[in-house]
There are 2 protein chains.
Amino acid sequence: MDERELLLLGLLSFQSQHGYQINEFIERNLARVTSMKKATAYAILDRLARDGYASVHTEQAGNRPPRKVYALTPRGEERFRELLRQSLVDPGESAIPGDVGLMFLDQLPRDEVIEGLRMRLARVDEQIAELEQVPPHGHGIGVDLAVEHKLVLLRADRDWLRGVITRLDAGSD
Amino acid sequence: MDERELLLLGLLSFQSQHGYQINEFIERNLARVTSMKKATAYAILDRLARDGYASVHTEQAGNRPPRKVYALTPRGEERFRELLRQSLVDPGESAIPGDVGLMFLDQLPRDEVIEGLRMRLARVDEQIAELEQVPPHGHGIGVDLAVEHKLVLLRADRDWLRGVITRLDAGSD
DNA sequence: TCTGGAATAGTCAGTCTTGACTATCCACGC
DNA sequence: GCGTGGATAGTCAAGACTGACTATTCCAGA
């Protein structure tokens, strides 16, 4: 259900970390996977601690400001596995975004629609090119499967978009 | 960007409506398109009125409780077209849900993973069957394109899931 | 005619999310 | 020996979202 909580539990399952470290990792490596913002991650970490899924202890490195280090408790590990099982079965209502716009597309002049969809296609192409550059991950197959999954869906989207644009271009109806 | 606002503007673009009516329509016909809840719709309608995109006037039918009827203003129509254009180009970060779970899949025993993905596949199959029943919509091509789009992505997802399950089943790695 | 359940029409308190902001530390050039 | 820009490590107020709840009306059946 809650992909954000699952993500944080998952990151903590590898090693204890403090908030800043986790946010760094997300910003650098997981921007494509989640759009969660810093403040949200801090809030969820607090919640995990409050609910007994993570323990906190404050650490001071040199003269730096103190950091709160979060570690999964046994309950937290159980929670992680539970959410993980759930998320494999039911990846949350995949209300594919963008379809609302599609539904109302008749309200816009046909050439504006085509123009817009062309731009959309260009972006999808970019995303595909980017993902195709990602090297195999190495540790386990999960990450590679996730990338593969995203690629499969993006390619299907691309092909469909091309078809639609062609159809709209030829005789406008 | 904000699909919810776009959806409400779009519904109002066809005719003025009161909140309850809009929520009825969403619950009955658009459950697959959005997961927006009643209270959210009321809140967004308020916001639209506050920002001058919709006008409100109170109506009393018989002895029933009074209702607030919302109608698009010219500014609202402009806003609608603007959001519509945007959403065609950039359908919001399509962070395809479920990929977080995939990423951590190595943390779960292989057979639990396979079991989970089988259930997921069954659900996808159901959704496809359901959508295939939807008859052509009639008014314009937008709605039909949206359905087609969803179907295309669901089928790609289904095919990928089948492949993954087969791979995992045969030699567990 | 009386009653219980569905339809009508919302509201509200609590939670979640985020843009903007704070504050310190360190390395480096000048 | 000093300023300043990036890295470090968060916090906070404001707005968005929703589950649970309220309250009235209508109507079908006993």
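Below, all heavy atoms of this structure are taken into account, side chains as well, without hydrogens, waters or symmetry copies. Numbers restart at 1 for each chain; the letters A, B, ... are given by sequence-line order, proteins then strands. As the structure is a prediction and not an experimental result, all values here were calculated from the model.
A salt bridge between B:Glu132 and B:Arg155 is present, with a side-chain N of the basic residue lying under 4.0 Å from a carboxylate O of the acidic one. A salt bridge links B:Arg81 with B:Glu78: the closest approach of a Lys/Arg side-chain nitrogen to an acidic carboxylate oxygen falls below 4.0 angstrom.
For B:Lys37, counting side-chain heavy atoms from C-beta on, the closest listed nucleotide (D:dG10, C:dT18, D:dT18) is D:dT18. If you check C:dT8, C:dT17, D:dG10 against the side chain of A:Ala43, the one that comes closest is C:dT17.
Atom CD in A:Glu27 sits roughly 13 Å away from atom C1' in C:dG19 (whole-Å rounding). The NZ-C1' distance, from B:Lys68 to C:dA9, rounds to 11 Å in whole Å. Atom CG of B:Asp46 is separated from atom C1' of D:dC17 by 14 Å (rounded to the nearest Å). Between A:Tyr42 atom OH and D:dA13 atom P there is a gap of 18 Å when expressed in whole angstrom units. Look at CG on B:Asp2: it is 16 Å from P on D:dG15, rounded to the nearest Å. One atom, CG of B:Leu45, and another, P of C:dA9, lie 14 Å apart when rounded to the nearest Å. Whole-Å rounding puts the A:Leu8 CG to C:dT17 P distance at 11 Å. Atom-to-atom, CE of A:Met36 to C1' of C:dT18 comes out at 12 Å; the value is rounded to the nearest Å.
Of the inter-residue distances, the one linking B:Gln15 atom CD with B:Ile22 atom CD1 reads 9.0 Å to the nearest 0.5 angstrom. Within the model, atoms OG of B:Ser55 and CZ of B:Arg75 stand 12.5 Å from one another, a figure rounded to the nearest 0.5 Å.
OP1 or OP2 of C:dT17 has at least one side-chain nitrogen or oxygen of A:Arg4 nearer than 4.0 Å. Put simply, A:Thr40 has no side-chain N or O that comes within less than 4.0 Å of OP1 or OP2 on C:dC16. Remark: B:Arg67 is not in phosphate contact with C:dT8, judged by side-chain N or O atoms under 4.0 Å from OP1 or OP2. Taking side-chain N and O atoms only, A:His18 has a distance below 4.0 Å to OP1 or OP2 of D:dG10.
Note: B:His139 and B:His137 have perpendicular aromatic rings, judged against thresholds of 30 and 60 degrees for the angle between ring planes.
Within the nucleic acid shown, A:Lys38 comes within 4.0 Å of at least one base atom, counting heavy atoms only.
Mapping B:Tyr20 and B:Ala39 onto DNA chain C by nearest heavy atom places B:Tyr20 at the nucleotide closer to the 5' end.
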